[in-house]
Amino acid sequence: MTAEFEPQHLRVVVVGAGFGGLAAAHALKHQGEDFAVLEREQEVGGVWRDNTYPGCACDIPSNLYSLSFAPNPRWTRAFSPQSEIRDYLHRVARKHRLLPHIRFGCRLLEAAWDDTAQRWRIETSAGPLTADVLIDGSGPIAEPSLPQLPGLDGFAGEVFHSARWNHDLDLAGRTVVVVGTGASAIQFVPAIQPVVGQMTVVQRTAPWVTPRMDRATTRIERRLYAVVPWLQRLVRRRQYWMRELVMWKIMVSPRVRQTATRAALWQLRRQVPDPALRKRLTPDWELGCKRILISNNWYPALSAPNVEVVSAGIREVRADSVVTTDGREHPADVIVFGTGFHVSDPPIAQHLRGRDGRTLAECWNGNPHTYLGVTVTNFPNLFRLGGPGSATGHNSHVFQEECQVAYAMDALRLMRARGITSIEVRAAEQRAYVGQQTAKLARTVWSVGGCQSFYQGTDGVAWGNWPDTTWKYRRLTRRFDPAPYQLRTTTTAVTPATN
């Protein structure tokens, strides 16, 4: 074991060096905390490092999908391509001198709360650590989800997930089957359609697609943003409030949703002249129930002569074909999965053990519940970023994660000021909070829109979403309120929150 990774105790350990992890690292550094960031790969970037598929880009405006303390005047488009976001995160890590705090190639194997010692005992691929506080910034879309299909192991061609794109494979002239029609497929399908020989797109449900209001930024704009930073902040603020005032209404107002639906249907009618194909591409659930997708070339790609859309599940995979549930066999020498990620069952939940020894996955049992999307009963001194209960269907996820970082930093300040060794949200407080949120969610399109999505748990509740505006979320997380928490100090008796 090298000296760099000798067992040591840290005030805070952060998992992951994506947006959330870097935001936490910046705040911890600014606050003067003793911390380290564990990053399993050899560079920062998180999802924007791992997803390199053709056409990969953000679906939130560039000026809004960035860290508040690190504006970027260099964006070349209104909606940033993957490579620019990755490079941006690299610059953030360098400029704010976060790299010395990041342990690359260091994977978290298990973290268990030691209630006697009042600390986390952490096993990593580079050796053991202990920490007072653990911040999970691994994110909700860190691990690709691959369906278990009969016969897949016997497929003679190439198989990969969009998040692990095989760039060594030349797709020119290939017969490709794409499984899934979500946010990744809507970008890579149009990108590879002109190259492949034949493509079959297998869709479980048709998505709602609205126009992508993208454009190149001008040299003058970029120069102005660099010289007059407040101008970019003004643009960011305007974009934020437009999404708060308009996009949020789609989630809660049937009348506004109908207007947005008509706009989406207009694009569908305009870009898909074939009535039969148009019918297959018309969703049978309400707009907003799942993630609203944006694209100007999705429908034209699916209307191309070398593309067939199949609205059926997959029955089995054979050596050189895919058989769908309608009995049809589709030739294939490449299968690309655009089947999303382990959002409702993040693998890291199997590696975090709480006060009673159970893993987070065991405690959640398919229905993740949190307090404010950040803390969890039975897991003292654990703060999760981007977790269940905080996802926003209308605004920037980076904004939500920065709110959560601010909440965690205020908790750390309180702990230091009062000599608190651990904080844990009381079970009754968490239950009451979850009940309130569930009641609010029941009135949103995520619950009444007639779809099944990764927002929902096994109980059908849209647990993944924050059921209100993001400015209200910021108001609630701006300060850490200790009232719902069991606080322990070196002198207090062991009276942890009960389950």
Looking only at atom types and distance, does a side-chain atom of [X] sit under 3.5 Å from a main-chain N or O of [Y], one as donor and one as acceptor?
| X | Y | result |
| --- | --- | --- |
| W446 | G288 | yes |
| S253 | I250 | no |
| E123 | L109 | no |
| T444 | V252 | no |
| E110 | H351 | no |
| D410 | F480 | yes |
| R243 | H394 | yes |
| D114 | T116 | yes |
| E244 | W471 | yes |
| R236 | S66 | yes |

Next item on the list: Let me see the working for H161 and F341 under ring-ring contact (aromatic ring centres under 6.0 Å, His included), right down to the final yes or no.
Entry: CA-CA 10 Å; H161 190 280; F341 300 84; 5.7 Å; yes

Any side-chain donor paired with an acceptor under 3.5 Å for [X] and [Y]?
| X | Y | value |
| --- | --- | --- |
| Q82 | N51 | no |
| T470 | Y240 | yes |
| T392 | Y473 | no |
| Q430 | H369 | no |
| S68 | E402 | yes |
| R384 | S390 | no |
| Q118 | D115 | yes |
| E429 | Y371 | no |
| H9 | D132 | yes |

Next item on the list: Take the angle between the ring planes of H96 and H26 and call it parallel below 30°, perpendicular above 60°, tilted in between.
Entry: perpendicular

Note to self: Here's one to test your reading of the geometry: is the NZ or CZ of R479 within 45 degrees of the ring axis of Y407 and under 6.0 Å from its centre?
What the structure shows: no

Note to self: Taking the six-membered ring of W285 as reference, does the cationic atom of K290 (NZ for Lys, CZ for Arg) lie under 6.0 Å from its centre and within 45° of its axis?
What the structure shows: yes

For the residue pair [X] and [Y], what are the closest heavy atoms and their distance?
| X | Y | value |
| --- | --- | --- |
| S447 | L441 | OG-O, 2.8 Å |
| A25 | F35 | O-CZ, 3.5 Å |
| L385 | G20 | CD1-O, 3.4 Å |

Whether [Y] and [X] form a salt bridge (side-chain N of Lys/Arg under 4.0 Å from carboxylate O of Asp/Glu) is what I want to check.
| X | Y | value |
| --- | --- | --- |
| D59 | R291 | yes |
| E39 | R49 | yes |
| E143 | R40 | yes |
| D214 | R77 | yes |

Next item on the list: Determine whether the aromatic ring centres of F379 and W113 lie less than 6.0 Å apart.
Entry: no

Item checked: Ring centres under 6.0 angstrom apart (H30, F69) -> no

Are the side chains of [X] and [Y] in touch, meaning some heavy atoms are under 4.5 Å apart?
| X | Y | answer |
| --- | --- | --- |
| T261 | W208 | yes |
| R353 | E362 | yes |
| I294 | I186 | no |
| C58 | W48 | yes |
| V336 | W165 | yes |
| R418 | L487 | yes |
| T124 | L38 | yes |
| T210 | L293 | no |

Check: Yes or no on side chain to side chain contact (heavy atoms under 4.5 Å, CB included) for M415 and R11, after CA distance, side-chain angles and deciding distance?
Finding: CA-CA 11 Å; M415 292 173 70; R11 173 66 169 158; 3.9 Å; yes

Checklist line | Option from N381, I420, T421, I423 for which side-chain contact (heavy atoms from CB on, under 4.5 Å) with R488 holds | finding: T421

Margin query: With side-chain contact (heavy atoms from CB on, under 4.5 Å) as the test, pick out the partner of W75 among E221, Q232, R222.
Written below: Q232

So how far is it from [X] [atom1] to [Y] [atom2], rounded to the nearest 0.5 Å?
| X | Y | atom1 | atom2 | answer |
| --- | --- | --- | --- | --- |
| R74 | S62 | CZ | OG | 14.0 Å |
| N72 | N63 | CG | CG | 8.5 Å |
| T377 | Q486 | OG1 | CD | 11.0 Å |
| M242 | L64 | CE | CG | 11.0 Å |
| L28 | L412 | CG | CG | 6.5 Å |
| L146 | Q148 | CG | CD | 7.5 Å |

Notebook entry, point to check: Given V44 and H90, is the side chain to side chain contact (heavy atoms under 4.5 Å, CB included) satisfied, shown in steps?
Noted result: CA-CA 6 Å; V44 303; H90 280 234; 3.7 Å; yes

Checklist line | Worked check of side chain to side chain contact (heavy atoms under 4.5 Å, CB included) between W120 and V13 | finding: CA-CA 9 Å; W120 284 95; V13 164; over 6 Å; no

Notebook entry, point to check: Got more than 12 heavy atoms from elsewhere within 6.0 Å of CZ, R97?
Noted result: no

Notebook entry, point to check: Crowded around K249 NZ? As in, over 12 foreign heavy atoms under 6.0 Å?
Noted result: no

Check: Quick one: salt bridge (Lys or Arg N to Asp or Glu O under 4.0 Å) pairs with a partner in residues 84-95, sequence neighbours left out?
Finding: none

Next item on the list: Starting from the C-alpha separation in whole Å, work towards a yes-or-no answer on ring-ring contact (aromatic ring centres under 6.0 Å, His included) for F19 and Y65.
Entry: CA-CA 10 Å; F19 266 106; Y65 196 81; 5.1 Å; yes

Next item on the list: Using side-chain hydrogen bond (donor to acceptor under 3.5 Å, both in side chains) as the criterion, list what pairs up with W466, not counting sequence neighbours.
Entry: none

